[in-house]
Structure formats: C-alpha cells, structure tokens
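All heavy atoms count here, side chains included; hydrogens, waters and symmetry mates do not.
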Amino acid sequence: DRGFRDAAFTLRHGVSPDRLTRTVDAAAAGSKFDVPRVEFGGGAVNPFNWPGRALDAGDVLFRSIARNLELYGLAHTVAKNEGLTGQGFLDRVADVRAGLTPEGQAIRDQADKFATRAVFQEQPGRIVGAYQGLVREAPALSLVTPFVKTPANILRQGLEFSPVGALMQAARQDGRAGTQAQARVVLGTAAAGYLFWLAATNRLSGNGPRDPNERAQLMESGWRPNSVRVGDKWVSFQLLQPMSVQMALVGNAVDAWREAGADGATGADVAAKTFAKSLGSFLDQSFLSGLFDFVEAVNDPERSATRFAGRMASSAVPFSGAVRTAQQGADAVVRDPRTVAEDVKAGIPGLSTSVEPRISRSGQPVVREGGWLRRTLDPLNTSSVVNDPVDRELQRLGVTVSLPSRRLAVPGVLSRSQETAVMEARGQAVRRGLERLMADSRYARLDDAGRARAIDRLVTRVRRQVTARIAGGGGGALTPGP
C-alpha cells in the first residue's frame, strides 16, 4: 500500500516523497535545494514529462516495498531479541522504525541500502565509476550505453547467486548483510543443479547459434533465445533479474559443451565460448540494445552496420519505445529492413507495412504470435512450441535447410518486392518438395544417412528448378509455382 501511494505521488508531482524529504532536510541544513531530475515546463500536463515520471514511479514502487520490508523486519528482530511481547513489542517496533535514536537511524540507513540494492541502484565499483566519468567527458558514448550502473549492478548481483559469490566482498561482511549474501550463494548454487538439468533436457536456452540458418530453424520451431520452456511455451527469463545472469551462464555453458563435443574442442574452448555466449545474452536486453547493436556492427559490418545506424535514427523519434511497441501490436508481420530509412519506418505504425517482410525457410512471412493485445503487452516474449513433422524430421537427422536466397542471376536489378517473391517461391517449393519426399514409401525404407542425402539432393534440385523457371521468364515470373 505504501509503495503504490509513493508511486502515485511521484506520478502526480514528478518527485518521490523520500527524495522530497531529503531535499527539504538538506535545504534546512543550509545546503542547496535541488530536485535532481529536471523536467520540461508544464509538469504533468506536458506529455514529454510522462516517460520520466513513469520510470521514477516504477523505481519508487519497488524501492518503497523493499525499504519497508527490510525496515519492519529489522525492527521486528530488535524487539524480538529483547524478549518483548504484546503492546511493549509493538511500541518498541514503532520506536525503532521512527529512527529517532541512533539505533533506529542506523536501521533506517540499513533499510535504505537494502532498497537501493533491490532496484539495482547501489553505487558502482571503480571500473564502472571510471566509465561513467568517461561518458561525462564524451557524451556521445551515451548513445551506445545510455545505462551503465543498472546493468553493471545486475551482473554483479547475478554473480552473487553463484559459487563465485563466496569470494565477493558482500559475502565477507559481518551481520545481517553478510548472512544474506551467504544465503544468496547457497540459494544460487543449489539452483544451478536444477538449471543444468533444464538446459540438458532442452528446457533452458542460452543465446543460441550465430549461424542464421541454424537460428532460423530453431526459431521456427518455437524456440527462443535466453528463455525457459514451461509446458509447450518458451518464456524469456531476461526480466528475472538478477537470476537471469545465472540462467544465461548455465544455458550457454551447456550449449558450448554440446558444440565442443561436435567440434572436438578443449575445456578452455568451452569456457571461452561460454563467456562469449553469456556476454551476448547479457547484451540482449532492452536497456543494452544500443551496445548490442554496436558490437554486432563491429563484428559483422556488412550485415549489422545498417541496423545499428537505423536504430540510432529510430531513437530520434519521440517516444520511440512506445511507438515501436504500438507498431508490434498493430502489425503482426516481422519486417526485414535493409536501409536506415526502412529501419525507421519498420518501427512506426502505418509505415511498417511499406517494408518487406522477413521470409521463413518455408517461404512464408514471419509473424508474431497472438492478437494485438498480447503482442503489445507481453513482456516475456512468450512463444508456443511448433509441432511440425517436417521440421522434427530435419532436426532428428541433424539436417539444416538454409534460408532461401533473394539473389537471382537474371538481367536487371530486382526490386525489394521481387526479391521477396524470389525467396517465397524458393521456400514454398522446397517445403512442398520435402512434404512429398517424406510421404514417399521409398523414403521410409532409407536409413538416416540415406534420408539426409535425399533431402540435400531435393533441396538443391528444387531451388535450381525455381531459379531456372524465373530466369526463363526474364525475371517476370516472380510468383510461387504450383
């Protein structure tokens, strides 16, 4: 109740009750009266102030809940340890909570630290502090990493829920804080066994393969990166912070171990792959999307540089996050922008339909699951498992059918819509061919190696036939054949 009241106060006035109290106390002590966050004129009437107030209100809600949880818990412990009961117990709890004595003030300070940690706003270490100073000297860096302290604190707290936490400073503290840190180590270490079981049984995913064809095959089966399978749904664990760090480490470690078994890699290679994959999982979060796009652009400029530039241009659109969310709700089709202008249009309702769709391996536009309300409000990116017999057979045989190519060796340059038609024609023809092949009685008599060879031959032959048909039409026959 207190948390909701504080959040409502923040939405209405643009400053939290606690911050206002601290500011007034500072002014009474002779310090400068200063509300840290500066707003545009007009207060709550100005819509440009709403995002900032909403962010502050969310922070205040959970900070207030955590603060009062710890404050009441500490006051209860003091009164209980003194052997008090009845009204004397209640009066002692009230005195401690009021903070009018040095003991009570120390407990209030401890509760404030607990609340600050609960919303990942504790003071960063030397490395992050130095980077924050660098950002202040070079403001352009904030375009890539607008948030530094919060993700750094999430990462550190996530590591505290693991055996590594036993070596960290938090677990070496005295008193209640140290006991809580040690409990986090035990809890996270115990949970790791269950997480490894989930990952080993394909119920917990890491960042997934980088190869676009392997990734597309998994995505079309309903699989999602950095997610946990619950029943027949894949649910993102990125919001389960800080446990998401532990879950990502385990998921990526199992993925790296499987790849090592296929490639004959060493233990050092597994550790390196686990680190690289886990870094990708950590960067694949909304508040680090700019840094993720930047890293991808550096690693693969041919494919990702345009996307990075497009995302930077999209961020100039007012309320860009809300606009993109509205676009995903209104337009179920996943778009495939290839220029900066297309990237901007792909995130705007009404304009996104002018951008060509992303095409699946079966030659169909990729669509988001669910109705407009679910696409708008689902923060967990829930995805249903697809029970496709053709895809199941391909995965069983370890055969990866690549995404259809948009390139075509015909005179002239294809338009974007013609490229899409080429991909649709190739993908749909291959899908029909695979369905006929797997239904053939002769296919059933082959061993697994023979089936894999038959599939490879069919895919190659069908794509050549589609290319020949389109080329024979001079580039005009860009529609899927019968």
Side-chain angles (χ1 to χ4, degrees), residues 211-220 293 296-297 300-311 313-314 324 327-328 330-369 388 390-391 394 400-437 455-482:
D211 181 85
N213 297 312
E214 295 180 11
R215 197 173 187 86
Q217 180 166 305
L218 285 172
M219 295 287 284
E220 291 172 25
D293 291 340
E296 289 293 296
D300 191 355
E302 183 178 350
R303 289 175 48 198
S304 304
T306 300
R307 178 187 178 189
F308 172 69
R311 288 294 179 90
S314 298
R324 186 174 290 274
Q327 178 273 324
Q328 291 180 0
D331 184 8
V333 178
V334 179
R335 301 294 165 176
D336 185 26
R338 296 180 196 162
T339 66
V340 174
E342 286 187 348
D343 209 310
V344 174
K345 290 192 290 185
I348 300 177
L351 295 181
S352 63
T353 54
S354 64
V355 180
E356 291 297 311
R358 183 180 300 172
I359 303 301
S360 69
R361 294 175 305 147
S362 60
Q364 302 294 332
V366 178
V367 296
R368 298 182 181 89
E369 189 176 327
D388 178 17
V390 173
D391 185 64
L394 292 175
T400 300
V401 176
S402 63
L403 289 162
S405 173
R406 63 177 180 266
R407 294 180 175 84
L408 189 65
V410 296
V413 179
L414 298 181
S415 65
R416 287 281 280 113
S417 61
Q418 288 177 324
E419 289 180 348
T420 300
V422 169
M423 297 175 70
E424 290 177 338
R426 285 172 168 159
Q428 292 175 25
V430 168
R431 173 68 189 198
R432 289 192 298 270
L434 289 173
E435 290 175 346
R436 288 195 297 266
L437 174 65
I455 291 172
D456 287 337
R457 288 196 298 266
L458 178 136
V459 171
T460 301
R461 183 176 70 253
V462 168
R463 287 179 174 172
R464 285 176 178 172
Q465 290 173 350
V466 173
T467 300
R469 177 172 60 82
I470 297 176
L478 295 176
T479 56

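The shortest non-hydrogen separation linking G433 to L458 is O-CD1, 3.4 Å. Counting all heavy atoms, side chain and backbone alike, A346 lies closest to V355 at N-CG2, 4.1 Å. Minimum heavy-atom separation, V333 to P365: CG1-CB, 4.4 Å.
Residues forming a side-chain contact (heavy atoms from CB on, under 4.5 Å) with T400 (at least two apart in sequence, or on another chain): N213, E214, Q217. Take S402 and apply the side-chain hydrogen bond (donor to acceptor under 3.5 Å, both in side chains) test, not counting sequence neighbours, and it matches R463. I455 meets the side-chain contact (heavy atoms from CB on, under 4.5 Å) test with L394, L397, V399, L434, L437, M438, Y443, V459; sequence neighbours excluded. For E435, the salt bridge (charged side-chain N to carboxylate O under 4.0 Å, His left out) partners at least two apart in sequence or on another chain are R431. Partners of E369 according to the side-chain hydrogen bond (donor to acceptor under 3.5 Å, both in side chains) rule, which considers only residues two or more places apart in sequence or in another chain, are R374, S384.
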**Request:** Dump the intermediate steps for side-chain contact (heavy atoms from CB on, under 4.5 Å) on Q465 and R469, then the final yes or no.
**Result:** CA-CA 6 Å; Q465 290 173 350; R469 177 172 60 82; over 6 Å; no
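The shortest side-chain heavy-atom distance between D391 and R361 falls under the 4.5 Å cut-off. You'll find the side chain of T467 stays beyond 4.5 Å of the side chain of R464, heavy atoms only. Counting heavy atoms from C-beta on, the side chains of K345 and P337 never come closer than 4.5 Å. Counting heavy atoms from C-beta outward, Q327 and L351 have side chains that stay 4.5 Å or more apart. Contact annotation: the side chain of I359 never approaches that of L403 to less than 4.5 Å [non-hydrogen atoms, C-beta and beyond]. Taking the side chain as every heavy atom from C-beta outward, R368 and V334 approach each other to under 4.5 Å.
A side chain to side chain donor-acceptor pair (under 3.5 Å) check over residues 333-342, counting only residues at least two apart or in different chains, returns the pairs D331-R335, D336-R338, R338-E419, E342-R416.
To the nearest 0.5 Å, atom OG of residue S360 and atom CE of residue M219 are 12.0 Å apart. Expressed to the nearest 0.5 Å, how far CZ of R432 lies from CD of Q428 amounts to 6.0 Å.
No side-chain donor-acceptor contact under 3.5 Å links S352 to the backbone of P349.
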